[in-house]
Each structure stands twice: as C-alpha cells, then as structure tokens.
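In what follows, every heavy atom counts, from backbone to side chain, and hydrogens, waters and symmetry copies are set aside.
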Number of protein chains: 2
Amino acid sequence: MDIQLKRGILDVCVLAAIKSKDSYGYRIIKDLKPYIELSESTLYTILKRLETAKMLTVHTVEHDGRLRKYYHITGEGIKRIEDFKEEWKEIMLIYKFVAKEDDTNE
Amino acid sequence: MDIQLKRGILDVCVLAAIKSKDSYGYRIIKDLKPYIELSESTLYTILKRLETAKMLTVHTVEHDGRLRKYYHITGEGIKRIEDFKEEWKEIMLIYKFVAKEDDTNE
DNA sequence: ATAGAATACATCATATCACGAGGTATTGTA
DNA sequence: TACAATACCTCGTGATATGATGTATTCTAT
C-alpha cells in the first residue's frame, strides 16, 4: 500500500482500534493487521501524537511482570473519528472524479 | 480538508485532470477546484514529480503571446490511475473498519 | 491612462509524518 | 540454549503539501 495514501487515515485507524475497549501498542498492531499494516515505530509515533492532541489518555498496567500501557479514547478522539467520516464524503467525491475520468474518454 | 488526507490522491487527481485532454497548470487548478483545492506551488511540484516519473510529458505552446506548458498523460500515467483504483479497494476496507468501530459499541 | 485583477509560470524554506534501524527487557518455546 | 514472541522506545531520513515570494503579460474597471 502506498505510504501517502495511508496518511490521514492511520491516526483514525488507531483511534478506531481503541474505541470499543482500551488497548495497548502491541495489541493494536495485531488488531489492525488484517486491515492495514503499520510498524511499531509508526504506531508509537502516532500514539504519542494522539496523546499530545488529547485524543487519548494512557494508564500503565502491570501484566505478567511486564508493563503495558493501555490507551483510552477521549471525547476529542471520538470527535476526530466523526470529523473524519464527514471529510470522507469529500474524499469520495474526489475519488468519483478520478474514477469517472478514468472510464470515459470524451 | 485535512492535508494528510489529500496526500496520495493529489497526484492521481492531476493525472485524471489531464487524462481526457492535455491541459496546463492554471487550467488544471481551475478544473480541480470543485473537487479539491490546491495551490500553484503544490501543483507545479506535483507536475514536476509526475514528469520525472514519466507519467506525463510536456510541450510548450505560445498562446496570445504567453507561454503555456501543456501536459500530456503517458501510458505509465494511465497505469498509475488504474493502480490507484486497485489500492482504493483496500482503502475502502479500512474505512469500513473505522466506520464500523464508530457505530457499534460492544 | 492607470491601477489592479487575472493569467501563467517558477523556486525555496518549512513543517508534518511514516518508517527502517536500532535499542532494552522479559517470557515462552523448540 | 538459542530464538521467537511480547512489549516498550528513540533517532535519522525521505517524501511532500504549502505559504511566501518572484517574474511577466493581458484584460478590465475607474
């Protein structure tokens, strides 16, 4: 998948992955794998960014002697997903323009 | 519109804008305006990139004493659009994941 | 006549961001 | 006893959209 095409959707994917229940880095990557692949370096960059933007909160939990940082979505995070869905309508119009121009030759 | 969301689609928009008939910078911006807004600096950067990638060719034409650089799509340019449409199927699956996670709460 | 908008091109510096490479540490498995 | 899996993190790099800025001509309204 083209890197550029992933931009703008990756943030929202991560938010979507933690929306129904809190999750942690390693698990998020595995959960998203069927849909979109992202490396650990990418994910932790995104998580940090989303935390700074107050779209999620973090709480560390000890699990089997190892530390896990659980991420919890905030109201702003949920709003981000909703805004994204609105913007998606515009994106679909653009896509239709591209697809139409590709089919017809006048 | 979110900048990041435009990445990966802008190139293809420009290609789509010149696909049915050759066009030039200023005209491309006007033609795309109803769908997506891009500045001149952005467009000329993209045009240069697409030319380097051999997805389009350029021929300069004098028009009313002014120079116009007409851009013509190549086979590789057309292939780029087709590849994009294939990648779009993946993007739609990702979008559905995001939208689904946004609707249901289990 | 003349100022300003429109047409038409271009470059440069900047900020954002995905990712590979590399690092630390523990637990499970072959 | 090595290696994979789990689980976290940082840094440098490359790609790229954009504002600011510049050049030059033609059209239009005052």
Side-chain angles (χ1 to χ4, degrees), chain A residues 1-15 17-18 22-33 35-53 55-56 58-71 80 84 87 90-91 94, chain B residues 1-15 17-18 22-33 35-53 55-56 58-71 80 84 87 90-91 94:
Chain A
M1 155 98 56
D2 178 37
I3 299 171
Q4 303 308 320
L5 214 49
K6 290 165 89 172
R7 292 173 93 113
I9 206 171
L10 269 182
D11 279 30
V12 185
C13 277
V14 172
L15 286 173
I18 65 168
D22 295 0
S23 189
Y24 55 95
Y26 211 75
R27 177 122 199 90
I28 292 169
I29 289 174
K30 290 193 127 190
D31 284 347
L32 288 181
K33 200 153 200 168
Y35 303 99
I36 194 162
E37 240 162 300
L38 75 170
S39 66
E40 292 182 51
S41 61
T42 302
L43 178 66
Y44 289 110
T45 306
I46 292 170
L47 286 171
K48 182 81 74 166
R49 188 160 66 234
L50 291 174
E51 191 191 348
T52 305
M55 292 186 187
L56 49 78
V58 196
H59 52 108
T60 305
V61 173
E62 195 173 317
H63 178 84
D64 287 339
R66 252 183 302 221
L67 285 184
R68 267 191 197 159
K69 288 179 79 171
Y70 275 89
Y71 297 91
R80 174 74 176 92
F84 173 80
E87 283 193 322
E90 284 179 61
I91 289 286
I94 297 166
Chain B
M1 153 99 57
D2 177 37
I3 299 170
Q4 303 307 319
L5 216 47
K6 290 164 91 171
R7 294 174 94 111
I9 206 170
L10 269 182
D11 280 30
V12 185
C13 278
V14 172
L15 287 173
I18 65 168
D22 294 0
S23 189
Y24 55 95
Y26 211 74
R27 178 122 200 92
I28 293 169
I29 290 173
K30 290 193 129 191
D31 285 346
L32 288 181
K33 201 154 200 168
Y35 303 99
I36 194 162
E37 241 162 300
L38 74 170
S39 67
E40 292 181 52
S41 59
T42 302
L43 178 66
Y44 289 109
T45 306
I46 291 170
L47 286 170
K48 183 81 73 164
R49 189 160 68 233
L50 291 174
E51 192 190 349
T52 305
M55 292 186 187
L56 49 79
V58 196
H59 53 110
T60 305
V61 173
E62 195 173 318
H63 178 83
D64 287 338
R66 251 183 304 221
L67 285 183
R68 266 191 196 161
K69 289 179 77 171
Y70 276 89
Y71 297 92
R80 174 76 175 89
F84 174 80
E87 283 194 321
E90 283 180 61
I91 289 287
I94 297 166

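Place A:Asp64 and A:Thr42 on DNA chain C by their nearest nucleotides, and A:Thr42 ends up nearer the 5' end. Mapping B:Lys48 and B:Tyr24 onto DNA chain C by nearest heavy atom places B:Tyr24 closer to the 5' end of the strand.
One interatomic measurement links the two molecules: CD of A:Glu51 to C1' of D:dC8, which rounds to 14 Å at whole-angstrom precision. Across the protein-nucleic acid pair, B:Ile29 atom CD1 and C:dC9 atom P stand 9 Å apart, rounded to whole Å. Nucleotide C:dC9 holds its P atom 13 Å from the CG atom of B:Leu38, rounded to whole Å. To the nearest angstrom, C1' of C:dG20 lies 13 Å from NZ of A:Lys6. Rounded to an integer number of Å, the gap from CD1 of A:Ile9 to P of C:dC17 is 15 Å. Atom CZ in A:Arg27 sits about 17 Å away from atom C1' in D:dC8, given to the nearest Å. Atom CD of B:Glu62 and atom C1' of D:dT26 are 13 Å apart (whole Å). Atom-to-atom, CZ of B:Arg68 to C1' of C:dC9 comes out at 12 Å; the value is rounded to the nearest Å.
For A:Glu40, the side-chain atoms get nearest to D:dC8 when compared with the rest of D:dC8, C:dC19, C:dC9. Listed nucleotides C:dC19, D:dA17, C:dC9 differ in distance to B:Tyr26; the shortest reach to its side chain belongs to C:dC9.
At a cut-off of 3.5 angstrom, counting only N and O atoms as typed in the model, there is a donor on one side and an acceptor on the other between the side-chain of A:Ser41 and the base of C:dG20. Side-chain N/O atoms of B:Gln4 and base N/O atoms of C:dC17 include no donor-acceptor pair closer than 3.5 Å. Counting distance only, with no hydrogens placed and no angle test, the side-chain atoms of B:Arg66 and the base atoms of D:dT26 include no donor-acceptor pair under 3.5 Å.
Taking only side-chain nitrogens and oxygens, A:Lys30 never comes nearer than 4.0 Å to OP1 or OP2 of D:dA5. Listed pair B:Arg49 / D:dT16 meets the phosphate criterion, a side-chain N or O lying under 4.0 Å from OP1 or OP2. Close to C:dA10, at under 4.0 Å from its OP1 or OP2, lies no side-chain N or O of B:Tyr44.
Scanning both residues, A:Ala17 and A:Ile28, for their nearest heavy atoms gives CB-CG2, 4.1 Å. Residues A:Ile29 and A:Leu43 approach most closely at CG1-CD2, 3.6 Å, considering heavy atoms.
Atom CD in B:Glu87 sits 10.5 Å away from atom NZ in A:Lys6 (nearest 0.5 Å).
Between B:Ile36 and A:Glu90 there is no side-chain heavy-atom pair separated by less than 4.5 Å. Contact annotation: the side chain of B:Asp22 approaches that of B:His59 to within less than 4.5 Å [non-hydrogen atoms, C-beta and beyond].
As judged by a 4.0 angstrom heavy-atom cut-off over every strand, B:Arg7 is placed among the base-contacting residues.
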